Every structure is written in C-alpha cells, then in structure tokens.
A.B. asks: 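The structure follows.
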Amino acid sequence: MAAQDHSSTWTHSLEEDVEPASAANPSKACWYRAHVALRADLTAMAGMLELFTKQVDGNKAITREQAAAADKYVTTTMKFLHHHHANEDDIATPYLSTRFNMDEKICADHKRLETLMEAYSGGMKKLLASTDLQEQRTLLAGVKATFAELDPLCRQHFQEEETVAMPLMRKHFTLQEIEKNVVAKILRGMGPDDVGDYFRTLSKEEFRSFAKQEHIPFFIRWILQWQVAKYKKNIWQPFEQQCLTAAH
C-alpha cells in the first residue's frame with residue numbers, strides 16, 4: 001500500500017519554505033530561516049577575508065580590535081553552523097528516516113563540512129592571534145584556501161536539503177508531527193547567540209510576521225527580541241564596524 005501523502009496538511013506552500021524571504025512574504029518557514037542566516041554569515045565572512053586581504057596587501061596588519069571582533073563573530077557563527085548540522089544528524093535525520101530514506105550524499109556531506117569547518121576555525125584562531133604582518137599574510141592565504149572550499153560546499157548542501165529532503169519531509173509527515181518531533185527539540189537546544197544569529201537578518205516587521213506564522217507567544221517573542229538585540233550589540237555590530245568597513 002502506498003504511503004499517505006501529507007503535503008496538504010502544511011499550511012504554507014513548498015515555495016514559501018524554499019524561497020528567500022521578501023517584502024511580499026517576509027516570514028518564511030523556520031526550516032529555511034536557518035539557511036538564510038547561515039548564507040548571510042558566509043557572505044559576511046567572505047567580506048571579512050576580502051577586507052583583511054586588501055589591508056595586509058597594503059602593508060597594514062590586522063589590528064587587535066579587528067582580531068577581537070572577528071574572533072567573537074567567527075566563533076559564534078561556527079558554533080551555530082556546528083549545531084545546525086548536529087541537529088540534522090541527531091534529531092531530524094533519525095526521525096525522517098522512519099518513513100523515507102535520506103539522500104546519502106546529504107548525510108555524507110556533513111563529514112566533509114565538519115572537517116573543513118574545523119580547519120577554517122583553527123586557521124582563523126592562529127591568524128587572529130598573530131601580530132606579525134608577514135605571518136598574518138601567510139596564515140591568511142591558508143584560511144582563504146580553506147574557506148574557498150567551505151563556502152560553496154555549504155551553499156550547495158543547503159540547496160540540496162531544500163530541493164531534495166524538504167519535499168519528501170512534507171510528503172511523509174504532517175506539519176504537526178514535524179513541529180512536535182523536530183522543530184520543538186531543535187528550538188529547546190538553541191542558546192542566546194544562536195537565536196541572535198538566526199534572526200539577525202530580519203527587520204522588526206519581518207520578525208513579527210515570522211512569529212505570527214510560527215505561533216510564538218508574546219512573552220517568548222520579547223525574550224527572543226532581547227536576545228537578538230544583545231547579539232547585535234555585542235557580536236554583530238563590532239564585527240561589522242571592525243571587519244567589514246575599510247577604515248583601518
């Protein structure tokens with residue numbers, strides 16, 4: 001007997017899950033929101049490396065202020081990315097695999113990604129600890145080479161999850177089943193900085209729309225907004241000022 005198709009139980013379309021947020025439909029589903037946030041992080045880190053390259057090539061060393069801001073942002077971002085993969089491996093994939101076979105490549109990609117993430121994080125730690133211009137130049141070249149592999153592989157992986165795994169999830173599970181057995185467990189494991197990174201790219205209007213779609217209680221919305229504001233003040237804004245603005 002053919003498995004029951006649960007696609008009709010989802011209150012928003014597949015297109016709303018896998019297309020970027022827009023002015024016409026800013027909220028989007030929480031499944032895509034993590035990928036939106038992480039894509040923005042990849043773009044920001046690419047911008048950081050570009051600025052550092054121009055600066056070092058101009059015989060100006062990475063400053064201690066830049067290093068402190070970059071270290072805090074990169075550490076937080078990579079932790080969020082690690083958690084994202086762990087949530088898929090430990091929560092989402094085991095549950096989804098009870099009704100359909102997950103694509104082997106999607107699962108295997110995590111091993112390669114984790115290896116590249118460790119290499120990138122380690123390389124950044126060494127780069128940001130250095131105060132010698134020539135050493136920074138050498139270390140920066142290695143970090144850029146690793147990121148040149150990590151960035152496209154991450155983006156390709158996100159795209160495959162959205163176009164392969166997500167339609168199967170919606171077909172084999174109801175929205176209520178996924179919210180209870182996957183989403184709720186993932187949300188319980190998110191720390192304040194994860195929340196900040198997750199929602200950083202949303203405007204206040206977009207956040208309200210998202211919270212309404214996901215039925216987030218008013219008091220919880222206030223806590224989330226406070227965590228986002230704290231993240232922006234302590235992590236994102238110093239990074240943006242020190243590492244994405246060419247005034248050094």
Side-chain angles (χ1 to χ4, degrees), residues 20-23 26-28 30 32-55 60-87 117 120-121 123-125 127-131 143 147 150-151 154 158 183 186-214 216-248:
S22 65
S27 59
K28 297 300 170 189
C30 61
Y32 191 82
R33 168 75 359 227
H35 288 178
V36 170
L38 289 166
R39 285 185 176 107
D41 285 329
L42 290 169
T43 298
M45 289 190 291
M48 170 195 68
L49 294 176
E50 180 180 359
L51 183 143
F52 284 172
T53 298
K54 291 179 180 178
Q55 186 172 318
K60 294 182 180 180
I62 298 167
T63 69
R64 292 302 84 204
E65 291 80 8
Q66 288 177 303
D71 182 61
K72 187 175 290 187
Y73 177 74
V74 171
T75 298
T76 301
T77 297
M78 299 311 291
K79 179 181 176 183
F80 181 44
L81 183 54
H82 276 295
H83 283 177
H84 178 69
H85 292 158
N87 287 334
M117 288 160 58
Y120 172 71
S121 295
M124 283 298 301
K125 285 289 185 184
L127 171 64
L128 298 175
S130 174
T131 58
V143 168
F147 188 77
L150 175 63
D151 185 9
C154 266
F158 296 156
V183 176
I186 290 175
L187 292 178
R188 284 197 295 269
M190 291 179 70
D193 290 341
D194 296 327
V195 171
D197 199 341
Y198 185 85
F199 288 114
R200 173 179 67 80
T201 58
L202 286 183
S203 68
K204 291 182 179 180
E205 179 182 348
E206 290 171 338
F207 178 85
R208 285 194 294 268
S209 180
F210 180 91
K212 181 179 180 180
Q213 174 181 289
E214 299 301 323
I216 300 175
F218 178 80
F219 180 67
I220 300 301
R221 297 184 196 186
W222 182 87
I223 294 175
L224 294 177
Q225 287 178 309
W226 177 78
Q227 291 174 330
V228 173
K230 185 177 179 181
Y231 170 87
K232 287 182 177 180
K233 179 181 178 181
N234 296 334
I235 297 176
W236 171 250
Q237 290 171 358
F239 171 79
E240 185 178 36
Q241 293 165 4
Q242 291 291 334
C243 304
L244 297 179
T245 304
H248 300 279

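Fair warning: this is a prediction, and the values are worked out from it, not measured in the lab.
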A.B. asks: Partners of E65 by salt bridge (charged side-chain N to carboxylate O under 4.0 Å, His left out), sequence neighbours excluded?
C.D. replies: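 E65 satisfies salt bridge (charged side-chain N to carboxylate O under 4.0 Å, His left out) with no residue once adjacent residues are dropped.
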
A.B. asks: Using side-chain contact (heavy atoms from CB on, under 4.5 Å), reason through M45 and L49 one step at a time and then give a plain yes or no.
C.D. replies: CA-CA 6 Å; M45 289 190 291; L49 294 176; 5.6 Å; no

A.B. asks: Take L150 and M78, measure what side-chain contact (heavy atoms from CB on, under 4.5 Å) needs, and give me the verdict at the end.
C.D. replies: CA-CA 12 Å; L150 175 63; M78 299 311 291; 4.3 Å; yes

A.B. asks: Salt bridge check, D41 against R200: does any charged N sit closer than 4.0 Å to a carboxylate O?
C.D. replies: yes

A.B. asks: Working to the nearest 0.5 Å, report the span between CD1 of I235 and CG of D193.
C.D. replies: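 Here the interatomic distance stands at 4.0 Å.
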
A.B. asks: Side chains of L244 and L51: does their closest heavy-atom pair fall under 4.5 Å?
C.D. replies: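 With C-beta onward as the side chain, the pair stays apart.
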
A.B. asks: Roughly how far, to the nearest 0.5 Å, is CG of L127 from CD1 of I62?
C.D. replies: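 If we round to the nearest 0.5 Å, I62:CD1 and L127:CG are 4.0 Å apart.
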
A.B. asks: Got C243 and F52 here, is their nearest side-chain heavy-atom distance under 4.5 Å?
C.D. replies: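 SC-SC contact between C243 and F52 confirmed.
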
A.B. asks: Any pair with a residue in residues 69-84 that passes salt bridge (Lys or Arg N to Asp or Glu O under 4.0 Å), sequence neighbours left out, goes on the list, sorted by first then second residue, please.
C.D. replies: D71-K125

A.B. asks: Over all heavy atoms of both residues, which pair between M124 and V143 is shortest? Give the atoms and the distance, please.
C.D. replies: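 Smallest heavy-atom distance, with atoms named: SD-CG1, 3.5 Å.
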
A.B. asks: Going by heavy atoms in the side chains, are H83 and I186 under 4.5 Å from each other?
C.D. replies: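 A side-chain contact under 4.5 Å is absent here.
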
A.B. asks: Just by distance, do the side chain of E240 and the backbone of Q237 share a donor-acceptor pair under 3.5 Å?
C.D. replies: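 No, because the side chain of E240 does not come within donor-acceptor range (under 3.5 Å) of the backbone of Q237.
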
A.B. asks: How are the rings of W236 and F239 set relative to one another: parallel (under 30°), tilted (30 to 60°) or perpendicular (over 60°)?
C.D. replies: tilted

A.B. asks: Is any side-chain heavy atom of H85 less than 4.5 Å from a side-chain heavy atom of M117?
C.D. replies: yes

A.B. asks: Nearest 0.5 Å please: distance from the OH atom of Y120 over to the CG atom of D151.
C.D. replies: 9.5 Å

A.B. asks: Quick one: OH on Y231 to OH on Y73, what's the gap to the nearest 0.5 Å?
C.D. replies: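 Here the interatomic distance stands at 5.0 Å.
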
A.B. asks: Could you go through N87 and H84, starting from their C-alpha distance and side-chain angles, then the distance that decides it, and tell me whether this counts as side-chain contact (heavy atoms from CB on, under 4.5 Å)?
C.D. replies: CA-CA 5 Å; N87 287 334; H84 178 69; 5.6 Å; no

A.B. asks: Could you give the distance from CZ (F80) to CG (D194), rounded to the nearest 0.5 Å?
C.D. replies: 6.0 Å

A.B. asks: Run the side-chain contact (heavy atoms from CB on, under 4.5 Å) test on C154 and L42 for me, step by step, so that the C-alpha distance in whole Å, both residues' side-chain angles and the decisive distance to 0.1 Å come before the verdict.
C.D. replies: CA-CA 9 Å; C154 266; L42 290 169; 3.7 Å; yes

A.B. asks: Any side-chain donor-acceptor pair under 3.5 Å between R33 and T201?
C.D. replies: yes

A.B. asks: So, Q227 side chain and G196 main chain: donor-acceptor pair closer than 3.5 Å or not?
C.D. replies: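 No: the side chain of Q227 does not pair with the backbone of G196.
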
A.B. asks: Can you list the residues that meet the ring pair (Phe, Tyr, Trp, His ring centres under 6.0 Å) rule with F207, with sequence neighbours excluded?
C.D. replies: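 With neighbours one apart ignored, the set is F199.
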
A.B. asks: Taking all non-hydrogen atoms of both residues into account, name the closest pair between R64 and L128 and its distance.
C.D. replies: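 Taking every non-hydrogen atom into account, NH1-O, 2.9 Å.
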
A.B. asks: Between CE of M48 and OG1 of T53, what distance do you get to the nearest 0.5 Å?
C.D. replies: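 Taking CE in M48 and OG1 in T53, the distance rounds to 9.5 Å.
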
